[in-house]
K.L.:
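Mind looking over this structure? Questions follow.
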Amino acid sequence: MSHELPKTYDPSAIEVRWAEYWVTEKLFSVQTPEPGSPESAKPIFTLLLPPPNVTGRLHMGHMLNQTEMDIITRWQRMRGFTALWLPGTDHAGIATQMMVERQLATEGKSRQGLGREAFLQRVWEWKKHYGGAIQAQMKRLGASVDWDREYFTMDENLSRAVIECFVRLHEQGLIYRGKYIVNWCPRCMTAISDLEVVHEDFAGKLYEFRYPLADDPKQFVTIATTRPETMLGDTAVAVNPKDERYKKRVGKKLRLPLMDREIPIIADDFADPQFGSGAVKVTPAHDPNDFAIGLRHNLPQINVMDDQARINENGGPYKGLDRYEAREKVLRDLEELGLLAGIKDHTLAIGKCDRCKTIVEPRLSTQWFIKIQPLADRAIEAVEKGEIKFTPENYAKTYFEWMRNIHDWCISRQLWWGHRIPAWHCQGCSHITVARTAPAACEKCGGAKVTQDNDVLDTWFSSGLLPFTVFGWPEKTRDLDVFYPTMLLITGFDILFFWVARMIMLGCHFMADHKQGSVPFKNVYIHALVRDADRQKMSKTKGNVIDPIEVTEKYGTDAVRFTLASMASPGTDIAFSESRTDGYRAFANKIWNAARFMFMNLDRVEGASLTASAKPEQHSKLENRWIYSRFHRVAGQVNQSLVDYRFDEAANTIYKFFWGEFCDWYLEIIKPALSGAPEEARDAVTLLGDLFEGSLRLLSPFMPFITEEVWHAMYEGKPPAKSIALAQYPELDQRRLNDQAEEQMLVLQDLIEKIRNMRAEMKVEPKVKTPVKIHAAAEVTKLVTENRGMVERLASVDGIEFVSQSLAQRPGARSTPKFEVALVYEQKIDVAAERERLTKDLTKLEGELANADRQLGNQQFLAKAPAPVVEGIRRRQGELHTLIEKGKAALAKLG
RNA sequence: GGGCGGUUAGCUCAGCUGGUUAGAGCGCCUGCCUUACAAGCAGGAGGUCGCAGGUUCGAGUCCUGCACUGCCCA
């Protein structure tokens, strides 16, 4: 039989097969719909994969991100959208260059030794060999992306678009070149942006120096610094203009020790009279604040370090020393001169390079910048006006906070791997020609000797353009018309500024006249961080990194995906625990076995078919009306949860339905029908198949592998579509909702559970069936009578007797507002335990009644609370009275 | 220093615009190999919702303060 499943659920056996199938069959490739074609009538859903670094390996953060994206994309696709999820890879300037340099180092080679051309060749080779790791992992995890459209940020067309953007921004006066203090990484030997600097508290020292007055070396001004070596580049000492202590000294000169240079005492508000001596040394070439002071006072800028943070020729005798060697020597020398006034412990924040953790040196250098304010203004507006929505909403605040305090963006990097800046320097007149292609001559003097700028662009510049460059911009393509703006961006908050904000700025700028709006995406869903089970951040040094592929191989991709989805509630980090994943593997196993049960019955029942249509009379059975009602209600809830990006709610809703209702109740209820008369059995199989198939579709975006496997098995190799992923997503059908059936089932479930509970309490042997007595209103008696078989089977009951007198006082009996039930069983009950149970119940009920009485006795409550609430409490009050009465009587009877 | 979150069962987390008995998974206890599933089934124990005030007929939910804790930015 082709629909037979192996006895044990082995995820690895089925997952690899389907992962390959989805890729080779190109199931998720999207053709750009032609105008006027039927396809063009479908709504469009576009989603851009945040491109992982080409050097990257998949980590749990990626897996969470991709799981969420895949769930949404599969769901939208099944709902009838043209769903395009576009994958790509980022060239990752610094990271990749470092990687290849490290590789070269093991061969005793260096980037400089190789030269630019040969080095880039090497990087491309490296990319060819090692660059596809993440894509391979994504394919294994079944990400439903369109692999035919995969891009790399250094692809020729994308590179052309990057150059085009740079040139246009330059033409518009939004890119300039200037000398500024930048964060300089002496190891990477490049400038890095503010965002690439991570600050850390560091237990350092605060050193106090005495600078002698030029005209009176016996008198001093004391200054404090945490970086003594920068004094070599001091060009002033600043004091606050309001500081009385220094008023008469402003304008005088100091003699800078060691360098033997005269520097002025200047007045500037930056100097804080409360801090240290109130006087502060000014080093315009090595500190951003000092740089600003220097500009205000027209001070010289003396750069005393080279690109590896060694003292350069401006540092006189210290030339050639590393910055920290220089620090020691400066301190020794000053001490010898008696000018070292003190050393204190001082905690300071130091900046480290995000990539290599080297301490960053603020350093004056010439870089390219983007004038950000005009772009930021529009980007702020786009979010304010609701053109872009953040989920969770409060990330908009964080976004505004940053955007309103934004600084110009340093976009040049002193690297070789990346998009080289399209600017050519004239050897003759030093003019810089910015152009799309290499100019034959300088645009100013006509000189033929022009050389291209050595720098490349910040990686985030090119990735910030992706939402439109991936669709062929600057050409006016149909893709751009159809797919821009993207519908959604799903990413982590860690790249909110790096990437999200930049895409908004650049998208709004370059797509200003797009007919569907300029913003690059309409919604941003920010997800949490994945931590380990102890809420620790995963890091290599801690050794607590969970490899998604490893955990996937252990539990199955479906289980890992479901874990991540079910824990992805907005605003909280995910503490990933394997015990939870283990639980969801059990869920997958449950699905598997339920499927086996279905197939087993299909084979056993003659003439049964899973795909026939059900006879209407089947719906006369309560359990069928009930389960269809539940299914549709659940489908409605799941769809709504996904609209709200509540992956956790959606996952938990399906889980509870499938396990808690479909398997635990429905399958158990229909077992007799399945082995009943042929007609009845055939109908039962048909309904079972129908519900199962619907449940699989409902589950498919969350657990694509197991649902695909079972779904194909159901159709015995002749499925209505190539994949369940192309089938339709279940929607709520109002006509299937049946409140009465749901209420009635709740009564029966409650009855069955009460009987089971009594049996457990009286320690009835599991195999022994017992008669029960039930006292209930006519309506409930009728309900139980009609479903007598269900109750008897599921509660191990042997005969139900309906009695007219109350059973409440029978030892061990259970009373509810709907019925009283007692077990007919010759066994002494444990009086003490029974008393305890009754007392406990009573206490709870009395507490609740007191509460209800208090509320109903309160005129304000009656006047102000909505009628349904009052009614509900009133009804409950009645029930409580009865239940308490019965409880008390039972207790009294116990003696 | 500025900003944003979190504190609910032993653990990890839900709890939507305030409304009748605060839920789930894992773990724990008891009993079951009931022919789909022991990766299972059935039953059960376990919570003064961080603390103190306030608003309200009514607060886990809203407000204020405090404590602890995490993150982002400088």
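Atom set for the values below is all heavy atoms of this structure, side chains included, hydrogens, waters and symmetry mates excluded. Keep in mind that what you see is a predicted model, and the values were worked out from it rather than measured. Per chain, numbering begins at 1; letters A, B, ... match sequence-line order.
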K.L.:
What nucleotide, of B:U56, B:C4, B:C41, holds the atom closest to the side chain of A:Asp664?
P.N.:
B:C41
K.L.:
So, do A:Phe647 and A:Phe702 have ring centers that fall under 6.0 Å from each other?
P.N.:
no
K.L.:
Between A:Glu846 and A:Lys888, does any side-chain N to carboxylate O distance fall below 4.0 Å?
P.N.:
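Yes, this pair counts.
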K.L.:
Please determine if A:Arg814 and A:Glu820 form a salt bridge, counting it only when a charged side-chain N lies under 4.0 Å from a carboxylate O.
P.N.:
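Here A:Arg814 does not pair with A:Glu820 in a salt bridge, since their nearest N and O are not under 4.0 Å apart.
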K.L.:
What string of B, S and - do you get for nucleotides 20-27 of chain B, 5' to 3', if B is base contact, S is sugar-phosphate-only contact and - is no contact with any protein heavy atom under 4.0 Å?
P.N.:
BB---SS-
K.L.:
Suppose we define a pair by two distances each less than 3.5 Å, Watson-Crick or G-U wobble; what does B:G60 pair with here?
P.N.:
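Answer to the pairing question: none, since B:G60 forms no Watson-Crick or G-U pair.
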K.L.:
Under 3.5 Å, is there a donor-acceptor pair between the A:Tyr584 and A:Ser566 side chains?
P.N.:
yes
K.L.:
Tell which nucleotide pairs with B:G65, taking only Watson-Crick or G-U wobble pairs whose two distances are both under 3.5 angstrom.
P.N.:
B:C51
K.L.:
Have A:Glu68 and A:Tyr645 got a donor and an acceptor in their side chains that come within less than 3.5 Å?
P.N.:
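Distance-only check fails for A:Glu68 and A:Tyr645.
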K.L.:
Side chain of A:Lys590, base of B:C37: donor and acceptor closer than 3.5 Å?
P.N.:
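Checked by distance alone, the answer is yes.
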K.L.:
In whole angstrom, give me the gap between the C1' atoms of B:U55 and B:G18.
P.N.:
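Taking atom C1' in both B:U55 and B:G18, they lie 12 Å apart.
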K.L.:
Using the C1' atom as the reference point in each nucleotide, state the distance between B:G47 and B:A24 in Å, no decimals.
P.N.:
14 Å
K.L.:
Is the distance between the ring centroids of A:Phe587 and A:Tyr9 less than 6.0 Å?
P.N.:
no
K.L.:
Closer to the 5' end of RNA chain B via nearest nucleotide, is it A:Asp10 or A:Met567?
P.N.:
A:Met567
K.L.:
Using the P atom in both, what is the distance from B:C11 to B:G27, to the nearest Å?
P.N.:
16 Å
K.L.:
Please determine if a side-chain N or O atom of A:Lys671 lies less than 4.0 Å away from the OP1 or OP2 oxygen of B:A36.
P.N.:
yes
K.L.:
Can you check the distance between B:U20 and B:C37, where both ends of the measurement are the P atom (answer in whole Å)?
P.N.:
41 Å
K.L.:
Determine, for A:Arg227 against A:Glu361, whether the closest basic-nitrogen to carboxylate-oxygen distance falls under 4.0 angstrom.
P.N.:
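Yes, A:Arg227 and A:Glu361 are salt-bridged.
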K.L.:
Please work out if A:Lys840 contacts a base, only the sugar-phosphate, or nothing of the nucleic acid, heavy-atom cut-off 4.0 Å.
P.N.:
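Touches sugar-phosphate only.
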K.L.:
Under 4.0 Å, counting only non-hydrogen atoms across every strand here, what does A:Glu649 touch: a base, just sugar-phosphate, or nothing?
P.N.:
nothing
K.L.:
Using the C1' atom in both, what is the distance from B:G53 to B:G3, to the nearest Å?
P.N.:
26 Å
K.L.:
In whole Å, what is the span from the NZ atom of A:Lys763 to the C1' atom of B:G31?
P.N.:
9 Å
K.L.:
Once you round it to whole Å, what is the distance between C1' of B:C57 and CG of A:Asp853?
P.N.:
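Result: 15 Å.
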K.L.:
Under 4.0 Å, heavy atom to any atom of RNA chain B: which of residues 635-648 of chain A qualify?
P.N.:
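Hits under 4.0 Å, by residue number: A:Arg646.
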K.L.:
Work out how far the P atom of B:C33 is from that of B:G19, and round it to whole angstrom.
P.N.:
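B:C33 and B:G19 have their P atoms separated by 45 Å.
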K.L.:
Check the side chains of A:Glu15 and A:Thr557 for a donor-acceptor pair under 3.5 angstrom, ignoring hydrogens and angles.
P.N.:
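Yes.
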K.L.:
Across all strands shown, which nucleotide pairs with B:G25 by Watson-Crick or G-U wobble geometry, both distances under 3.5 Å?
P.N.:
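Answer to the pairing question: B:C11, which forms a Watson-Crick or G-U pair with B:G25.
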K.L.:
Measure from the side chain of A:Arg596, starting at C-beta and using heavy atoms only, and say which of B:A39, B:C37, B:C72 lies closest.
P.N.:
B:C37
K.L.:
Checking A:Thr67 against A:Asn65: is there a side-chain donor and acceptor pair closer than 3.5 Å?
P.N.:
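There is no such pair between these side chains.
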K.L.:
For A:Lys397 and B:G3, what is the distance between atoms NZ and P respectively, to the nearest whole Å?
P.N.:
11 Å
K.L.:
Figure out the CD1/P separation between A:Ile706 and B:C37, and round it to whole Å.
P.N.:
15 Å
K.L.:
Give a yes/no on whether any side-chain N or O of A:Lys769 is located under 4.0 angstrom from OP1 or OP2 of B:U34.
P.N.:
no
K.L.:
Check whether any side-chain N or O of A:Asn639 sits under 3.5 Å from a backbone N or O of A:Ala635 as a donor-acceptor pair, and report yes or no.
P.N.:
yes
K.L.:
With a 4.0 Å cut-off, would you call A:Arg585 and A:Asp582 a salt bridge?
P.N.:
yes
K.L.:
Could you tell me how far apart A:Ile406 (CD1) and B:G3 (P) are, to the nearest whole angstrom?
P.N.:
20 Å
K.L.:
Please give the distance between the C1' atoms of B:G60 and B:A9 as a whole number of Å.
P.N.:
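Approximately 14 Å lies between the C1' atom of B:G60 and that of B:A9.
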K.L.:
From the options B:C72, B:A36, B:G46, select the nucleotide whose nearest atom is closest to the side chain of A:Phe497.
P.N.:
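Closest of the options to the side chain of A:Phe497: B:C72.
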K.L.:
Once you round it to whole Å, what is the distance between P of B:A59 and NZ of A:Lys864?
P.N.:
14 Å
K.L.:
With respect to the side chain of A:Met600, which nucleotide from B:A36, B:C57, B:C72 is positioned closest?
P.N.:
B:A36
K.L.:
On RNA chain B, compare the nucleotides closest to A:Ala595 and A:His407; which residue's is nearer the 5' end?
P.N.:
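Nearest-nucleotide comparison on RNA chain B picks A:Ala595.
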K.L.:
Whole angstroms only, please: what is the CG-P distance between A:Leu667 and B:U34?
P.N.:
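Spelled out: CG on A:Leu667 to P on B:U34 is 18 Å.
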K.L.:
Take atom CD of A:Glu668 and atom C1' of B:U35, then tell me their distance rounded to the nearest Å.
P.N.:
12 Å
K.L.:
What's the closest nucleotide to the A:Phe861 side chain, out of B:A39, B:C37, B:C57?
P.N.:
B:C57
K.L.:
Would A:Asn757 and A:Glu753 count as having a side-chain donor-acceptor pair, cut-off 3.5 Å?
P.N.:
no
K.L.:
How far, in whole Å, is B:U61 from B:U17 if one measures between their C1' atoms?
P.N.:
11 Å
K.L.:
Should B:G1 form a Watson-Crick or G-U wobble pair with both distances under 3.5 Å, which nucleotide is its partner?
P.N.:
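The base-pairing partner of B:G1, which may sit in any strand shown, is B:C73.
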